[in-house]
**Q** 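Below is one structure. I have some questions about it.
Numbers restart at 1 for each chain; the letters A, B, ... are given by sequence-line order, proteins then strands.
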Protein chains: 2
Amino acid sequence: MAIKHFVCEAIKTGALCPGDRLPSEAELVARFGVSRMTVNRALRELQSAGILTRRAGSGSFVAEPRPIGHMIEIRNIADEVRARGHAYRARVVCNEPVRATAETAALLNVPAGTRLFRSMIVHHEDEWPIQLEDRIVLASAAPDYGATDFTRTTPNEYLTRIAPLERVEHRVRAAMPDASTRALLGLDEQEPALIMIRRTWSRGRLVSHAQLTHPARRFELSASFSVPGA
Amino acid sequence: MAIKHFVCEAIKTGALCPGDRLPSEAELVARFGVSRMTVNRALRELQSAGILTRRAGSGSFVAEPRPIGHMIEIRNIADEVRARGHAYRARVVCNEPVRATAETAALLNVPAGTRLFRSMIVHHEDEWPIQLEDRIVLASAAPDYGATDFTRTTPNEYLTRIAPLERVEHRVRAAMPDASTRALLGLDEQEPALIMIRRTWSRGRLVSHAQLTHPARRFELSASFSVPGA
DNA sequence: AAGTGGTCTAGACCACTCT
DNA sequence: GAGTGGTCTAGACCACTTT
């Protein structure tokens with residue numbers, strides 16, 4: 001439908017930004033020469049897709065960037081910690097431009113030698129390490145990644161802000177961490193870790209690969225959802 | 001809206017079952033005394049919610065039981081194994097009626113003494129144990145649970161068939177398994193396990209609590225989703 | 001008071017499926 | 001060919017928000 005396409009394109013190209021008001025139904029009726037029911041349906045469907053918010057008496061607005069967390073509640077770890085009433089602190093072990101090696105190239109599905117950033121960050125809850133984040137990022141998709149202060153903003157926050165998130169994939173497994181990981185997370189020798197591989201796509205490209213290692217004792221991944229319509 | 005409510009109630013009460021045909025739009029127009037656009041919108045919204053499937057020229061039908069797996073792909077373990085081209089086999093360690101103890105009562109949020117079923121099943125992929133399923137089920141919600149042959153159908157399959165699934169919750173963590181679990185899964189002493197707690201609700205009640213233990217080496221939980229509209 | 005979206009009506013034309 | 005859903009029109013009344 002022409003109207004949905006028009007609105008989606010305007011959002012993609014940036015002509016319409018989150019919070020912006022759309023033309024009213026009446027204006028779109030005039031502009032596209034269709035009936036109001038048609039305009040109304042188009043906008044209603046975009047609303048139910050989470051792309052617009054609408055308020056009777058007020059107008060239709062481009063929705064804020066989508067909340068990812070509905071399905072797998074791995075949101076912003078800093079917010080999560082603070083929501084529990086604890087202090088959040090991050091220690092940036094490294095954050096530097098690198099060239100893709102054979103292994104990292106395979107992880108991001110790019111040629112060896114591609115410019116990447118590699119960061120390792122230990123996230124703390126009240127001084128307790130709760131996550132080691134080992135991430136590689138496509139430099140062309142996030143040119144300022146290396147200059148970002150990740151004690152103030154998390155990589156995930158940064159990436160979702162600069163690049164529209166299209167797809168996320170999580171894989172979770174348990175493993176015994178290696179010695180250096182144990183040291184960074186302050187783990188006992190016998191303690192297993194919950195490892196999540198999180199890959200994100202933007203503008204059709206796989207842009208980031210993160211390995212998130214958690215002490216098993218101090219972490220649980222949860223997902224909960226209702227069956228729609230039931 | 002009256003029509004959506006009518007259809008949903010008919011499905012909930014069992015008057016309409018998956019695969020059944022609904023009255024045509026014209027019939028609903030006559031029955032409810034509303035215009036066809038109203039009927040059409042109601043049915044279209046139920047379709048987009050995944051409750052109906054519709055085919056032009058043919059009719060509207062109650063959709064098959066919903067695919068749970070979109071968000072967390074823990075589907076039917078038997079199908080998963082077979083999809084990998086391997087043989088699936090289940091060993092039922094126990095499956096018996098029990099009364100809720102203090103602990104199991106707390107897990108299902110029922111009074112102690114409530115009638116339950118308790119089953120323990122080891123799922124195998126080509127003779128390799130890949131999951132220990134330790135489950136308790138509300139007997140009043142699944143009266144035939146104890147008489148079901150779980151070498152032929154999985155508990156999850158059985159439960160989703162007899163009770164409309166309303167809500168699922170998953171919690172995942174890593175842990176070192178105890179000795180009896182190690183024995184059932186054939187694990188080494190040092191091997192961590194990925195433990196998923198899966199709780200399911202039906203008709204407003206928490207009906208099942210399952211602890212699924214997986215050898216970490218042989219298992220990965222994955223979830224992948226696209227951002228709608230992006 | 002003017003403008004907005006929310007909802008509904010009565011009618012129309014079409015492509016498709018079923019027989 | 002009869003019946004189905006897919007889509008659209010032109011008009012209406014309402015509750016709400018904004019000014």
Side-chain angles (χ1 to χ4, degrees), chain A residues 1-12 14-67 226-230, chain B residues 1-12 14-67 228-230:
Chain A
M1 174 169 315
I3 292 168
K4 285 172 92 164
H5 187 256
F6 164 76
V7 173
C8 288
E9 280 306 304
I11 293 174
K12 263 183 208 155
L16 283 173
C17 298
D20 286 358
R21 219 194 109 175
L22 268 70
S24 73
E25 293 191 356
E27 285 176 78
L28 291 170
V29 163
R31 193 128 105 206
F32 287 88
V34 298
S35 82
R36 194 186 145 212
M37 269 299 276
T38 306
V39 171
N40 180 274
R41 176 174 165 185
L43 298 186
R44 182 159 29 83
E45 288 177 355
L46 290 176
Q47 177 185 36
S48 99
I51 294 172
L52 302 180
T53 60
R54 317 187 71 201
R55 277 198 309 271
S58 177
S60 303
F61 303 84
V62 178
E64 291 303 317
R66 14 198 122 269
S226 299
V227 175
Chain B
M1 172 169 313
I3 292 168
K4 285 172 92 164
H5 187 256
F6 164 76
V7 173
C8 288
E9 280 306 304
I11 293 174
K12 264 184 209 155
L16 283 174
C17 299
D20 286 359
R21 221 195 107 174
L22 269 69
S24 73
E25 293 191 356
E27 286 175 79
L28 291 171
V29 163
R31 180 137 33 148
F32 286 88
V34 297
S35 83
R36 195 186 146 213
M37 268 299 275
T38 306
V39 171
N40 180 273
R41 176 174 165 185
L43 298 185
R44 182 159 27 83
E45 288 178 355
L46 290 175
Q47 176 184 36
S48 99
I51 294 172
L52 303 180
T53 59
R54 316 187 71 201
R55 278 197 309 272
S58 178
S60 303
F61 304 83
V62 178
E64 291 304 316
R66 12 195 124 271

**Q** Reading nucleotides 10-19 of chain C 5' to 3', which nucleotides get B (base under 4.0 Å from a protein heavy atom), which S (sugar-phosphate only), which -?
**A** BBB---BB--

**Q** Rounded to whole angstrom units, what separation is found between the CD atom of E45(A) and the C1' atom of dG5(C)?
**A** 16 Å

**Q** Partners of F6(A) by ring-ring contact (aromatic ring centres under 6.0 Å, His included), sequence neighbours excluded?
**A** F32(A)

**Q** Could you tell me whether E25(A) and R54(A) have a side-chain N and a carboxylate O separated by less than 4.0 Å?
**A**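 Result for this pair is yes, salt bridge flagged.
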
**Q** Whole-Å distance between dC8(D) P and L43(A) CG?
**A**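 Answer to the nearest Å: 13 Å.
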
**Q** Using atom CD of E25(A) as one end and atom C1' of dG3(C) as the other, report the distance to the nearest whole Å.
**A**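 Distance check: E25(A) CD to dG3(C) C1' gives 12 Å.
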
**Q** Take the protein atom CZ of R54(A) and the nucleotide atom P of dG3(C), then report the distance between them rounded to whole Å.
**A** 18 Å

**Q** Salt bridge check: are R44(A) and E45(B) linked by an N-O gap of less than 4.0 Å?
**A**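 Here R44(A) pairs with E45(B) in a salt bridge, since their nearest N and O are under 4.0 Å apart.
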
**Q** Just to confirm, is there a sub-4.0 Å distance from OP1 or OP2 of dT7(D) to any side-chain nitrogen or oxygen of T38(A)?
**A** no

**Q** Determine whether K4(B) and L46(B) satisfy the following criterion, side chain to side chain contact (heavy atoms under 4.5 Å, CB included), listing intermediate values before the conclusion.
**A** CA-CA 7 Å; K4(B) 285 172 92 164; L46(B) 290 175; 4.0 Å; yes

**Q** Counting side-chain heavy atoms from C-beta on, which of dT4(D), dC8(D), dG6(C) comes nearest to S24(B)?
**A** dT4(D)

**Q** Please report the distance, rounded to the nearest Å, between CZ in R44(B) and C1' in dC8(D).
**A** 11 Å

**Q** Report the nucleotide, chosen from dG6(D), dC8(C), dG5(C), that has the shortest atom-to-atom distance to any side-chain atom of N40(B).
**A** dG6(D)

**Q** How close or far is atom P of dT4(C) from atom CD of Q47(A), stated in whole angstroms?
**A**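 The distance from CD of Q47(A) to P of dT4(C) comes to 17 Å, rounded to the nearest Å.
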
**Q** Round to the nearest Å and state the distance from R41(A) atom CZ to dG5(C) atom C1'.
**A**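 Taking atom C1' of dG5(C) as the reference, CZ of R41(A) is at 17 Å.
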
**Q** Roughly, in whole Å, what's the span from CG in L52(A) to C1' in dG6(C)?
**A** 15 Å

**Q** Less than 4.5 Å apart, side chain to side chain, heavy atoms only: is that true for L43(A) and L28(A)?
**A**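 Of all side-chain heavy-atom pairs linking L28(A) with L43(A), at least one is under 4.5 Å.
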
**Q** Who pairs with R21(A) by salt bridge (Lys or Arg N to Asp or Glu O under 4.0 Å), at least two apart in sequence or on another chain?
**A**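 Partners of R21(A) under the salt bridge (Lys or Arg N to Asp or Glu O under 4.0 Å) test: none.
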
**Q** Any side-chain heavy atom of R41(A) within less than 4.5 Å of one from M37(A)?
**A**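 Result no, sub-4.5 Å side-chain heavy-atom pair not found.
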
